[in-house]
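Hydrogens, waters and symmetry mates play no part in the numbers below; they use all other heavy atoms, side chains included. Sequence lines set the chain letters: A, B, ... in the order given, protein chains first and strands last, and positions in each chain run from 1.
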Number of protein chains: 2
Amino acid sequence: MTSEVHDTAYHRLRAQDQRYTANRRQIVDLLTSSTNPLSLPELLELANGSLVQSSAYRNLSVLEEAGVVRRLAVGDFARFELAEDLTEHHHHLICDSCHRVTDYRVPADLEASLEHAFVAIAQQTGFRPDHHRLDLIGTCSECGHRPGADTGTGLAPA
Amino acid sequence: MTSEVHDTAYHRLRAQDQRYTANRRQIVDLLTSSTNPLSLPELLELANGSLVQSSAYRNLSVLEEAGVVRRLAVGDFARFELAEDLTEHHHHLICDSCHRVTDYRVPADLEASLEHAFVAIAQQTGFRPDHHRLDLIGTCSECGHRPGADTGTGLAPA
DNA sequence: CTCAGTGCAAAGGATTTGCATGCCG
DNA sequence: CGGCATGCAAATCCTTTGCACTGAG
């Protein structure tokens, strides 16, 4: 399954005349093993010094353009996760306090109702939807206990 | 209706020992008359030189804390709109190309289904939802005609 | 008078880019 | 070999902050 992700990543990069280098592979690995979207500092920390900021940003851009990675804008900085077709369709719980993001899913019939509504929207407005986003914004269970927690970097509090 | 918004804004600021100054009033005016969330450059442009960047940011922060304005993170920069209880509940069509945002609404029964699902999520995860966000990401009708359009600033192309 | 609000300029922080070097194909 | 990927450092862009000044109560 994870090798399948690498396989897909490889082919999508190839399709854009890009290489699937060790650095890019490691980024995909880290995103694959994480249960939720990662900020760049988090990614660098998980890589334990083997990734460099600027190259990581560059590689994330390449991966994003190849459709392997998706970039999210949460709070003041970006978070990255695998493209949806490499994971299961899911949505995000976003904590207003610590800016951490957790995945969740809704029942299939609700997703179906949403899709149905989007078709109507598209027809009415001429907007061509690519995907949707159903985020819940609030306070995560952890910050519920520690009011005011906010690390700024998106890293776990010390 | 618009004077009602000012009235509410006034009282919410007062509740935080803040004044409802001419600058703040103008920001609320501009947000009220716009049909969609505005970036800061857009706001300044609409104000035609009568607003200053740093003060506008500061006032938007004050208005946000008072619950008059909501800040969105779209793409690389922030966009601002009136708080939801000063408008109707709505969602956003976000154009991947020009980063412009348009409001839309879904049927009430679908909103009800969503709320229902969120209650379940909250119980399962301990996450305490404040509000939700149902964005459609794709290409707006305008960019569908002009592929690749992206002004960077969120301002309309020249 | 006093203190919050304002404008200007400088600082800050996330992200991007220029450039010389290293390595894959 | 040739060109893309990499790392470092400097630059960029949005946003925030420091500071002196102004105006309302």
Exercise for review: Could you tell me the separation between the CZ atom of A/R14 and the P atom of D/dA5, rounded to a whole number of Å?
Suggested key: 13 Å
Practice item. Inspect the surroundings of CZ in A/R105 and state if more than 12 heavy atoms from other residues, nucleotides or ligands are less than 6.0 Å away. Key: yes
Practice item. Would you tell me if any nitrogen or oxygen in the side chain of A/S54 comes within less than 4.0 Å of OP1 or OP2 on D/dG7? Key: no
Check your understanding: Relative to the 5' end of DNA chain C, which residue comes earlier, B/S50 or B/D76, by the nucleotide with the nearest heavy atom?
Key -> B/S50
Revision key, fill the gap. Here the salt bridge (Lys or Arg N to Asp or Glu O under 4.0 Å) pairs for residues 56-70 of chain A, sequence neighbours left out, are A/E64-A/R71, A/R70-A/E84
Check your understanding: Tell me: CD of B/E64 to P of D/dT15, nearest whole Å?
Key -> 12 Å
Point to revise | A/I27 CD1 to D/dA5 P, straight-line distance once rounded to whole Å | key: 12 Å
Revision key, fill the gap. Separation of D/dC13 atom P from B/H99 atom NE2, nearest Å, is 16 Å
Point to revise | Listed once per pair and sorted, the salt bridge (Lys or Arg N to Asp or Glu O under 4.0 Å) pairs that draw on residues 107-128 of chain B, sequence neighbours left out | key: none
Practice item. Report the end-to-end axis angle of the helix from C/dC1-D/dG25 to C/dG25-D/dC1; each axis comes from five terminal pairs, and the value is rounded to 10°. Key: 30°
Review point. Do any side-chain nitrogens or oxygens of B/S55 fall under 4.0 Å of OP1 or OP2 in C/dG5?
Key: no
Exercise for review: Return the orientation label for the A/H6 and A/Y20 ring planes: parallel under 30°, perpendicular over 60°, tilted otherwise.
Suggested key: tilted
Review point. Roughly, in whole Å, what's the span from CG in B/L72 to C1' in D/dT15?
Key: 16 Å
**Study point:** Rounded interatomic separation in angstrom, taking CG from B/L51 and C1' from D/dT15
**Key:** 16 Å
**Study point:** Partners meeting side-chain contact (heavy atoms from CB on, under 4.5 Å) with A/S33 (sequence neighbours left out)
**Key:** none
Check your understanding: Who are the ring pair (Phe, Tyr, Trp, His ring centres under 6.0 Å) partners of A/H92, not counting sequence neighbours?
Key -> A/H90
Point to revise | Phosphate-side-chain proximity, B/Y57 and D/dT16, N/O vs OP1/OP2 below 4.0 Å | key: no
Scan nucleotides 19-25 of chain D against the protein and return all N/O pairs shorter than 3.5 Å with their distances rounded to 0.1 Å.
none

Point to revise | side-chain N/O A/N23 vs D/dA5 OP1/OP2, d < 4.0 Å | key: no
Practice item. Name the nucleic acid region contacted by B/T21, choosing base, sugar-phosphate or nothing; use a 4.0 angstrom heavy-atom cut-off, strictly under. Key: sugar-phosphate
**Study point:** Pairing residues for B/Y57 by the side-chain contact (heavy atoms from CB on, under 4.5 Å) criterion, not counting sequence neighbours
**Key:** B/L40, B/Q53
Practice item. For B/N59, answer base if it contacts any base atom (sugar-phosphate contacts may also be present), sugar-phosphate if it contacts only those atoms, and nothing otherwise; contact means non-hydrogen atoms under 4.0 Å. Key: sugar-phosphate
Practice item. Could you check whether A/Q53 gets within reach of a base, just the sugar-phosphate, or nothing at all, counting any heavy atom under 4.0 Å? Key: base
Practice item. May I have the distance from A/E42 (atom CD) to C/dT15 (atom P), rounded to whole angstrom? Key: 12 Å
Point to revise | Value in whole Å for how far the C1' atom of C/dA14 lies from CZ of A/R79 | key: 13 Å
Practice item. State the CG-CG distance between A/L82 and A/L31, to the nearest 0.5 angstrom. Key: 5.5 Å
**Study point:** Co-members of B/F118 in a cluster of I, L, V, M, F, W and Y side chains, linked at under 4.5 Å
**Key:** A/L93, A/Y104, A/V106, A/L110, A/L114, A/F118, A/I121, A/F127, A/L134, A/L136, B/L93, B/Y104, B/V106, B/L110, B/L114, B/I121, B/F127, B/L134, B/L136
Review point. Under the side-chain contact (heavy atoms from CB on, under 4.5 Å) test, which residues partner B/N23, sequence neighbours left out?
Key: B/T21, B/L51, B/N59
